[in-house]
Amino acid sequence: MPELPEVETVCRGLQKSIQGKKLARLELRRRDMRFPFPKNLVAATRGAVIRNITRRAKYILIHLDNGQIILVHLGMSGRLVIADAADKTPPAKHDHVIFHLDGGMRLLFNDARRFGLVDLATAEILPKHRFFAHLGPEPFDDGFTAQSLATGLKNKKIAVKLAIMDQRVVVGVGNIYASEALFEAKIDPRRSAGSLSPAEVKTLWAAIRAVLTRAIAAGGSSIRDYVQTDGELGYFQHQWAVYDKQGEKCRKCTCPLQKTGGIKKIVQGGRSTFYCPAKQK
DNA sequence: AGTGTCGCCTGAATGC
DNA sequence: TGCATTCAGGCGACAC
């Protein structure tokens, strides 16, 4: 599933492959994905030149020279695939949106589960857009500090795992990286957000950045053509310390597995959490 | 306002 | 082999 590092990697790839190209037309192969497509989506983008591609949280922003911004969210199963002009392969199952570029190149948005979305905005309305208005700081921006994290967690009774997944606190920490960051910080995911000491908050802040940095590096280093064609390319999964590792020993663990049971899986807010009961306090 | 829960959706994995 | 069930999850929407 695409998380922030994967979305970042896809954005970098799109900058190389489609930036500066003219969007001949968008082809919508159904009327909606997670949400209905905006009525003017095709008309408002026809013939525009793609100026730049950026990322905000897990949204891909395709900036057009006519002032429109196409918002793309990959959801759970979304992937963007480049098909060059010579590629005459007919659309595959779940190819819901096709960007036809001048010269015959296509960008295919394939999303089996349709948790993804495509929407339209302008720079002016973006901060007020319903998907963006509530977003907190980017994890690598100056606005995300140990202090801002402390403020986000302060007095909260919800579990710290759920708190750091709250997009108002910091964007981009999904279910996997929440578990990974808490393991790195040696903090029990079940603890209430407000119970962390200033020192623990600072450790957690650094851990969130470290985990995401490593994940982006993994994506960037193993990527082949930058736009993921198999949906898994460059994924961080081989570096997971606890995620999906229930019953296993954690990294460099010397605990007796029979006694501790190893990494534990619990459910918080309807989502799986993985942690080491011995190391995370 | 803070918190908890639901639902969208399909394919893979599992169970009988 | 085949059918039914369960699970995965980002995040907006909603209920309290």
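In the text below, chain A, chain B and the rest are named by the order of the sequence lines, each starting its count at 1.
- Residue A/H96 is classed as having no contact, given no heavy-atom separation below 4.0 Å to the nucleic acid.
- Put simply, CG on A/L74 is 12 Å from P on C/dG10, counting in whole angstrom units.
- Atom CZ in A/R130 sits roughly 10 Å away from atom C1' in C/dA13 (whole-Å rounding).
- For A/R191, the salt bridge (Lys or Arg N to Asp or Glu O under 4.0 Å) test picks out A/E200, with sequence neighbours left out.
- Scanning for side chain to side chain donor-acceptor pair (under 3.5 Å) contacts around A/E138 gives A/R55, A/R56, with sequence neighbours left out.
- Distance CD1 (A/I176) to C1' (C/dG10): 12 Å, rounded to an integer number of Å.
- A/V49 and A/L64 fall into different hydrophobic clusters, where Ile, Leu, Val, Met, Phe, Trp and Tyr side chains are chained together by heavy-atom contacts under 4.5 Å.
- By the side chain to side chain donor-acceptor pair (under 3.5 Å) test, A/R209 is found to be paired with no residue, residues two or more places apart in sequence or in another chain being considered.
- Summarising the geometry, the separation between CG on A/L135 and C1' on C/dG12 is reported as 12 Å, rounded to the nearest angstrom.
- For the pair A/Y59 and C/dG12, the criterion of a side-chain N or O lying under 4.0 Å from OP1 or OP2 is met.
- Closest to the A/I158 side chain, of the nucleotides C/dA8, B/dT3, C/dC11, is B/dT3.
- Both tests hold for A/R130 against A/F35: distance to the six-membered ring centre under 6.0 Å, angle to the ring axis within 45°.
- Rounded to 10 degrees, the angle between the two end axes of the helix from B/dG2-C/dC16 to B/dC16-C/dG2 is 50°, with five pairs used at each end.
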With a 3.5 Å cut-off and sequence neighbours excluded, list the donor-acceptor pairs that the side chains of residues 145-154 of chain A form with protein atoms.
| residue | atom | partner | partner atom | Å |
| --- | --- | --- | --- | --- |
| A/T145 | OG1 | A/Q147 | N | 3.3 |
| A/T145 | OG1 | A/S148 | N | 2.9 |
| A/S148 | OG | A/G143 | O | 3.3 |
| A/S148 | OG | A/T145 | N | 3.0 |
| A/S148 | OG | A/T145 | O | 3.0 |
| A/T151 | OG1 | A/Q147 | O | 3.0 |

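- The nearest whole Å value for the distance from the NZ atom in A/K58 to the C1' atom in C/dC11 is 9 Å.
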Base contacts versus sugar-phosphate-only contacts with protein, heavy atoms under 4.0 Å: please encode nucleotides 7-13 of chain B as B, S and - from 5' to 3'. BBBBS--

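- A donor-acceptor contact under 3.5 angstrom links the side chains of A/E27 and A/H100, judged on distance only.
- In this structure, A/D65 has no side chain to side chain donor-acceptor pair (under 3.5 Å) partners at least two apart in sequence or on a different chain.
- By the side chain to side chain contact (heavy atoms under 4.5 Å, CB included) test, A/I53 pairs with A/C11, A/L14, A/Q15, A/I18, A/Q19, A/I50, A/I60, A/I62, sequence neighbours left out.
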Listing, residues 80-93 of chain A side-chain donor-acceptor contacts under 3.5 Å, not counting sequence neighbours, or none:
| residue | atom | partner | partner atom | Å |
| --- | --- | --- | --- | --- |
| A/D84 | OD1 | A/A86 | N | 3.2 |
| A/D84 | OD1 | A/D87 | N | 3.1 |
| A/D87 | OD1 | A/T89 | N | 2.9 |
| A/D87 | OD1 | A/T89 | OG1 | 2.4 |
| A/K88 | NZ | A/A85 | O | 3.2 |

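- In this structure A/Y59 satisfies the side chain to side chain donor-acceptor pair (under 3.5 Å) test with no other residue, sequence neighbours excluded.
- We find that CG of A/D166 is positioned 12 Å from C1' of B/dA1, with the value rounded to whole Å.
- If you measure from atom CG of A/L4 to atom C1' of C/dG10, you get 13 Å, rounded to the nearest angstrom.
- Residue A/M165 contributes atom CE, which lies 12 Å from atom P of C/dG12 at whole-angstrom precision.
- Distances shown here put every side-chain N or O of A/Q167 at or beyond 4.0 Å from the OP1 or OP2 atom of C/dG10.
- Contact between the side-chain N/O atoms of A/H134 and the OP1/OP2 oxygens of C/dG12 is found at a separation under 4.0 Å.
- Applying a 4.0 Å cut-off to non-hydrogen atoms, the residues of residues 147-157 of chain A that approach DNA chain B are A/K156, A/K157, listed by residue number.
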Please tabulate, for the side chains in residues 266-274 of chain A, all donor-acceptor contacts under 3.5 angstrom to protein atoms that are two or more places apart in sequence or on a different chain.
| residue | atom | partner | partner atom | Å |
| --- | --- | --- | --- | --- |
| A/Q268 | OE1 | A/T273 | OG1 | 2.7 |
| A/Q268 | NE2 | A/P189 | O | 3.2 |
| A/T273 | OG1 | A/K161 | NZ | 2.9 |

